[in-house]
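Since the structure comes first, as structure tokens, the remarks are kept for the end.
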Number of protein chains: 2
Amino acid sequence: MAGLGISILLVDDHPVVRQGYRRVLESQDGFRVIAEADSAAAAYAAFKADAPDVVVLDISMKGASGLEAIRNIRARDNRACILVFSMHGEAPLVKAAFAAGASGFVTKSSEPSALVRAIRMVIRGERALSDDVAHVLAAESLDPQRTVLDRLGEREIEILRQLASGLTTEQIAANLHLSIKTVQNYHYLVKAKTGLQTDAQLVRLAVTSGLTDL
Amino acid sequence: MAGLGISILLVDDHPVVRQGYRRVLESQDGFRVIAEADSAAAAYAAFKADAPDVVVLDISMKGASGLEAIRNIRARDNRACILVFSMHGEAPLVKAAFAAGASGFVTKSSEPSALVRAIRMVIRGERALSDDVAHVLAAESLDPQRTVLDRLGEREIEILRQLASGLTTEQIAANLHLSIKTVQNYHYLVKAKTGLQTDAQLVRLAVTSGLTDL
DNA sequence: GGCCTGTCGGGAAATTTTCCCAATCTTTCG
DNA sequence: CGAAAGATTGGGAAAATTTCCCGACAGGCC
């Protein structure tokens with residue numbers, strides 16, 4: 001696995017997409033895709049079997065989460081290089097990925113060259129971020145507080161969670177023994193603090209943050 | 001455009017993915033990718049400029065929907081061959097695509113060879129479906145009780161999709177060239193027809209139906 | 001022709017959202 | 001300890017949205 005070039009394990013549940021990356025990556029000098037996997041479980045198995053230099057992994061796969069795969073791989077080898085390659089680059093998702101042990105995060109809307117550059121970076125032990133992800137995180141860290149969700153209090157989080165899971169204002173008020181007015185105020189506060197405009201955006205935030213699932 | 005081989009327009013808002021398809025397709029004898037586009041608007045422009053034999057298009061793109069692109073292209077040339085290549089293959093999405101004028105529908109979880117085969121089929125004027133999509137539609141047509149989404153018209157589906165992806169009423173109105181009032185009416189109608197009460201529930205419906213992803 | 005369905009928007013009452021505010025109650029910290 | 005900070009709970013009132021009804025217009029179908 002060492003010596004000649006960089007060996008890569010590709011994880012994505014879409015064969016055509018995988019096929020595409022393989023060709024893109026192998027056109028790079030010194031890159032070798034030595035294995036592919038289409039699920040979190042297969043990714044772990046392939047990692048054990050092939051010991052690749054770097055794992056390029058789509059975080060949103062059907063079934064078990066990509067985060068799970070990252071955790072499993074890191075549990076086995078905490079020096080593993082795992083580069084997340086994802087459709088979405090929301091701050092909570094990115095943070096969750098790094099918390100799970102990722103070495104880099106590149107969105108699929110990035111140029112192919114960004115992916116290649118990121119692979120070289122994580123191999124060198126550096127942390128890699130695509131530009132759009134960096135901007136999202138930067139904008140967030142410029143705020144006096146840190147993550148969007150960290151600026152929310154316990155109650156606000158709970159109201160967000162219940163809203164996102166589809167409950168009405170009345171149901172939430174009843175659940176928490178609050179007045180409708182208070183729930184409305186929290187609802188508004190959460191939007192104000194997160195800077196989000198629509199309830200749909202709140203749902204997406206809650207889901208991508210792992211607050212609730214679909 | 002005619003004569004030697006099949007000319008292809010590639011539409012997808014993820015550059016790396018696009019790069020991948022291009023290589024996959026061009027490895028096929030007689031296939032030539034003559035243009036790429038990363039949005040519905042760009043797709044229409046490219047179609048006008050390059051008159052490709054077939055358009056391979058990802059239906060879930062940021063901004064204006066892929067359905068919009070299909071309609072625009074078909075409005076200009078109703079013999080255009082448009083092959084939808086999508087992450088999800090749920091029945092409502094597939095139906096919407098064909099209603100808009102698609103010639104074929106292949107999911108990204110299909111083998112690359114399925115995409116190639118589908119392109120050859122639509123070129124011959126046949127309708128192409130990947131196996132998984134065919135199974136979904138078959139299962140559904142055998143099921144006496146239809147999906148909730150089947151009660152929704154095309155416009156309603158589109159408004160639901162954009163709502164669920166986090167756009168505001170104003171943005172949707174602008175995207176579709178409708179008045180805010182009309183979008184509000186559709187929003188209400190969708191809730192009434194589905195029997196759902198909150199926007200969060202709509203988002204969950206849209207996501208679990210494959211209308212949009214997170 | 002008549003009928004039905006999908007698309008598009010106006011109107012008006014009902015409701016919600018938006019922000020402002022104040023009263024508690026903790027927690028923190030000098 | 002006492003002051004400051006912040007979380008929690010809700011009122012108030014104007015602004016905005018939702019809700020439901022309506023009519024108009026375009027197609028398709030019998």
Side-chain angles (χ1 to χ4, degrees), chain A residues 143-164 166-203 205 211, chain B residues 64-65 67-68 70-72 74-75 78 92-93 95-101 146-164 166-203 205 211:
Chain A
D143 275 322
Q145 262 53 329
R146 18 194 90 136
T147 92
V148 189
L149 285 186
D150 283 353
R151 306 161 80 188
L152 271 52
E154 191 78 20
R155 261 297 94 134
E156 290 155 351
I157 293 263
E158 185 55 25
I159 264 90
L160 169 58
R161 206 184 59 71
Q162 300 204 22
L163 275 172
L167 301 183
T168 65
T169 301
E170 286 86 347
Q171 289 172 326
I172 298 172
N175 283 347
L176 302 180
H177 307 294
L178 296 176
S179 77
I180 289 179
K181 193 68 227 278
T182 301
V183 176
Q184 288 176 332
N185 276 337
Y186 275 117
H187 187 166
Y188 168 74
L189 246 190
V190 170
K191 279 205 239 175
K193 285 195 179 180
T194 57
L196 300 179
Q197 298 177 288
T198 71
D199 286 354
Q201 291 169 359
L202 289 183
V203 174
L205 170 65
L211 235 48
Chain B
S65 138
L67 291 176
E68 205 58 45
I70 297 176
R71 269 188 290 268
N72 288 339
R74 290 297 295 231
N78 78 331
L93 225 207
K95 295 192 171 186
F98 279 101
R146 303 277 182 81
T147 316
V148 202
L149 256 48
D150 280 351
R151 298 210 152 329
L152 271 50
E154 220 181 306
R155 250 335 45 159
E156 290 155 352
I157 293 260
E158 183 56 25
I159 265 87
L160 170 58
R161 201 187 65 75
Q162 300 204 22
L163 274 172
L167 301 183
T168 65
T169 301
E170 287 86 348
Q171 289 172 324
I172 297 172
N175 282 347
L176 301 179
H177 307 294
L178 296 176
S179 78
I180 288 179
K181 194 68 226 280
T182 301
V183 175
Q184 288 176 333
N185 276 336
Y186 276 117
H187 186 166
Y188 167 75
L189 247 189
V190 170
K191 280 205 236 175
K193 286 194 179 180
T194 58
L196 299 180
Q197 307 183 70
T198 70
D199 286 354
Q201 291 168 1
L202 289 183
V203 174
L205 171 65
L211 266 185

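Every chain is numbered from 1 and lettered A, B, ... according to where its sequence line falls, protein lines coming before strand lines.
Distance E158(A) CD to dT8(D) P: 11 Å, rounded to the nearest Å. Per the geometry, CD1 belonging to I159(A) stands 16 Å off C1' belonging to dT17(C), to the nearest Å. dT18(C) atom P lies 10 Å from atom CD of Q184(A), rounded to whole Å. Atom pair H187(A):NE2 and dG10(D):C1' shows a separation of 17 Å (rounding to whole Å applied). When rounded to the nearest whole Å, the span between CG of L152(B) and C1' of dT5(C) equals 14 Å. Atom CD of E156(B) is separated from atom C1' of dT7(C) by 9 Å (rounded to the nearest Å). When rounded to the nearest whole Å, the span between CD1 of I157(A) and C1' of dA7(D) equals 13 Å. Taking atom CD of E154(A) as the reference point, atom C1' of dG6(D) lies 14 Å away to the nearest angstrom.
Note on T182(B): a side-chain N or O is less than 4.0 Å away from OP1 or OP2 of dG9(C). Within the structure, a side-chain polar atom (N or O) of K191(B) is placed less than 4.0 Å from OP1 or OP2 of dT19(D).
Taking the charged nitrogens against the carboxylate oxygens, R155(B) and E158(B) have no contact shorter than 4.0 Å, which rules out a salt bridge.
You'll find the side chain of T198(B) stays beyond 4.5 Å of the side chain of L167(A), heavy atoms only. Contact check for K181(B) versus N185(B): side-chain heavy atoms found under the 4.5 Å cut-off. Counting heavy atoms from C-beta outward, D199(A) and K191(A) have side chains that approach closer than 4.5 Å.
Among the protein residues, E170(B) comes within range of the sugar-phosphate backbone only, with heavy atoms under 4.0 Å from sugar or phosphate atoms but none that close to a base. Residue S179(A) is in sugar-phosphate contact alone, with no base atom involved, counting any heavy-atom pair closer than 4.0 Å across all strands shown.
Of all nucleotides listed (dC20(D), dC8(C), dT17(D)), dC20(D) comes nearest to the side chain of N185(B). With dT8(D), dC19(C), dG10(C) as the choices, the nucleotide that has an atom nearest any side-chain atom of Y186(A) turns out to be dT8(D). Taking the side chain of K193(A) as heavy atoms from C-beta on, and the options dA7(D), dT18(C), dG9(C), the nearest nucleotide is dA7(D). Of the listed nucleotides (dT7(C), dT18(D), dT17(C)), dT7(C) has the atom at the smallest distance from the side chain of R155(B).
Comparing K181(B) and Y188(A) against DNA chain C, the residue whose closest nucleotide sits nearer the 5' end is K181(B).
Side-chain atoms of T182(B) do not come within 3.5 Å of backbone N or O of L178(B) as any donor-acceptor pair.
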